[in-house]
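Quick note: numbers below take in every heavy atom, side chains included, and nothing from hydrogens, waters or symmetry partners. Read the numbers this way: they start at 1 and go in the same order the structure lists the ligands and their atoms. Computed from a prediction, not measured in an experiment: that's the story for all the values here.
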Amino acid sequence: MNDNANLYAALRAAFPADLDATAIETADGAGAPLYYTWRDLDRGSAMIANLLGALELPEGARVAVQTDKSVEALMLYLGVLRAGFVYLPLNTAYQAGEIEYFVGNAEPSVVVCSGRSFGWVGKLCFKAGVRHVFTLNDDRSGSLLERAAMHADAQVPARRRADDLAAILYTSGTTGRSKGAMLSHGNLLSNARVLHEAWGWRGDDVLIHALPIFHVHGLFVASHGALLAGAKMIWFGRFDPRAVIAQLPRATVFMGVPTLYVRMLAESALTREACARMRLFVAGSAPLLAETFAAWRERTGHTILERYGMSETIMLTSNPYRPEDARRAGSVGLPLPGVQLRIRDDKGVPLRSGEIGGIEVKGPNVFKGYWRMPEKTAEEFSADLFFKTGDVGKVDADGYVTIVGRSKDLIISGGYNVYPAEIESLINDMPGVAESAVVGVPHPDFGEAVVAVIVPKPGAALDADAIVAALKASIANFKVPKAAFVVPELPRNTMGKVQKNLLRTQHERLFAG
Ligand code: MLC
Ligand code: AMP
């Protein structure tokens, strides 16, 4: 089985010899912690893999999952890998319209949702022809585990090639509709191995895992990091700054989006003493402000290591692990080993160091393309097969990469991506709306906040609050504008294009202070 490129086989091979050691300890709420051993992870994921195997699913079947975070949800991910199917995680904030799109586009054979949402998720899934819908709750209940319990707790990982699909991650599209980034077992494993080396992972590390597990950061970077090191995780179902700080003295590694760091800095319990055992704080998914970087160093004595990546590529660059003082505020560091990174202008001309242009990348971590969107995939790759990230940046003479902006019209709020076109089209479809523009403005907690500017049709009276309320009822909460304005017209340039930069400037102090 040595030539089996199934990611689970590699993760399993990294489990410590003592399978009865604790792999994951939960740290949520008022209840006592739960302790999961490495054997528990192996057996639990085997039972789920065996259940999936018994369903006679077609080759390459997708298993779509929208559940609250739990250790069993991680076992489900591992079970899908083991069984050789394709894991498709979905943000728990998505509502019916969003889920309907993903199910229609990905055509999963299996959907797992929480018992709470089974009514509406089940209905739309069965209507779309999904054969199996299971439930999984964060208290170890639900039909998935009931059914899995009837299966054997040993399983040989399905034989997969490095190039075989392991996961599809939906990332919002510029035209409003999401695209599914197809990641292979080889993409995931090569990146996990590179990060293992780059960040000095060790078996005696203890990772505080406080991120959601439906995106690259929490699911791949954090979980794979710990699993591949045979290192223990302290597992939070949801991020709570005080509870996380209370666990820091027992931990060595923490990963978060910048909002998590900002929220922890607001707590007086965050001190040097609390961080005495920590060896690594990693930030990414959104720009880390230089002031957060400096405040963290001042308060804890630790320098945050910022890295850069995306759903299509997993991790691309990282500040150095050693020496700590080589980590630079405002830079996402150097390309990781195996990653080629270049900057080109919009005509494809390569730029010199220090010049600003589009960031393009190539490497074993770069995805296979967008699910059932060959034209879109072709558009995003250059003739020599570099992926155009849509991020704008520069590379210094010493190789450090700085992201200065985005060519894609994207807002990143608290580490979640929001594409203005999606929100604009929903607003534009509302009665009495002539047009709208959605922009991101600075926000002290979320980094950027979504703001909508709306123009009524002649004679129509619009209520901005009512529009926000209507959006709240239909889309994920993090996409809902934190402020909305009704205006007689949008600023346009001589070409008739909406000048979003003017709107951003006009509202840039909306959430200041
Ligand atoms: C929640 N809200 C948000 C939001 N999260 N609004 C904007 N942006 C967000 N990210 C809404 C809530 O629904 C609520 O609305 C209000 O804002 C306040 O919520 P909260 O209680 O403060 O939010 P909380 O539940 O604490 O969540 C905040 C958070 C969470 C920062 C912990 O957003 C989070 O876990 N973010 C991490 C995202 C992540 O993992 N990204 C990685 C992507 S991978 P209301 O109206 O209900 O009051 C990637 C690649 C890479 O990008 O490089 O890693
Ligand atoms: P996603 O599509 O959710 O995977 O988000 C990926 C995007 O997040 C990237 O294309 C960047 O725009 C952004 N991103 C990730 N890490 C960083 C970082 N450290 N600094 C700035 N932007 C980042």
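Between Tyr308 and ligand 2, no pair of N/O atoms sits closer than 3.5 Å. Annotation: Glu312 places no N or O atom under 3.5 Å from an N or O atom of ligand 2; distance criterion only.
Smallest separation of non-hydrogen atoms from Ala229 and Trp201: CB-CB, 3.8 Å.
Not a single heavy atom of Val216 sits under 4.0 Å from any atom of ligand 2. The closest approach between a heavy atom of Arg238 and any atom of ligand 1 is below 4.0 Å. Under a 4.0 angstrom heavy-atom cut-off, Pro212 registers as being in contact with ligand 1. Using 4.0 Å as the threshold, His215 has no heavy atom nearer than that to any atom of ligand 2.
Protein heavy atom nearest atom 6 (C) of ligand 2, with residue, atom name and distance: Met310 CB, 3.3 Å. Of all protein heavy atoms, the one closest to atom 16 (N) of ligand 2 is Ser285 N, 3.1 Å. Atom 21 (C) of ligand 2 has Pro287 N, 3.4 Å as its closest protein atom, hydrogens excluded (heavy atom only). Looking only at heavy atoms of the protein, atom 7 (C) of ligand 2 is closest to Gly309 O, 4.0 Å. The protein heavy atom nearest to atom 20 (N) of ligand 2 is Glu306 OE2, 3.4 Å. Annotation: atom 12 (O) of ligand 2 to nearest protein heavy atom, Asp391 OD1, 2.6 Å. Ile412 CD1, 3.4 Å is the protein heavy atom nearest to atom 13 (C) of ligand 2. Of all protein heavy atoms, the one lying nearest to atom 1 (P) of ligand 2 is Asn417 ND2, 3.1 Å.
Of the listed residues (His215, Arg307, His217, Glu312), the one carrying the non-hydrogen atom nearest atom 53 (O) of ligand 1 is Arg307. Among Tyr416, Phe446, Phe239, the residue whose heavy atom lies nearest to atom 30 (C) of ligand 1 is Tyr416. Relative to atom 42 (C) of ligand 1, the option among Ser413, Ser285, Ala283 with the closest non-hydrogen atom is Ser285. Of the options Gly414, Gly447, Gly415, the smallest heavy-atom separation from atom 37 (C) of ligand 1 is shown by Gly414.
Of the charged side-chain nitrogens involved, none lies within less than 4.0 Å of a carboxylate oxygen, so that Lys388 and Glu360 do not count as a salt-bridged pair.
In Phe478, the parts holding a heavy atom less than 4.0 Å from any atom of ligand 1 are both the side chain and the backbone. With a 4.0 Å heavy-atom cut-off, ligand 2 is reached by the side chain of Lys408 but not by its N, CA, C or O.
Outside the 6.0 Å centre-distance limit, the rings of Phe254 and His209 are not counted as a close aromatic pair.
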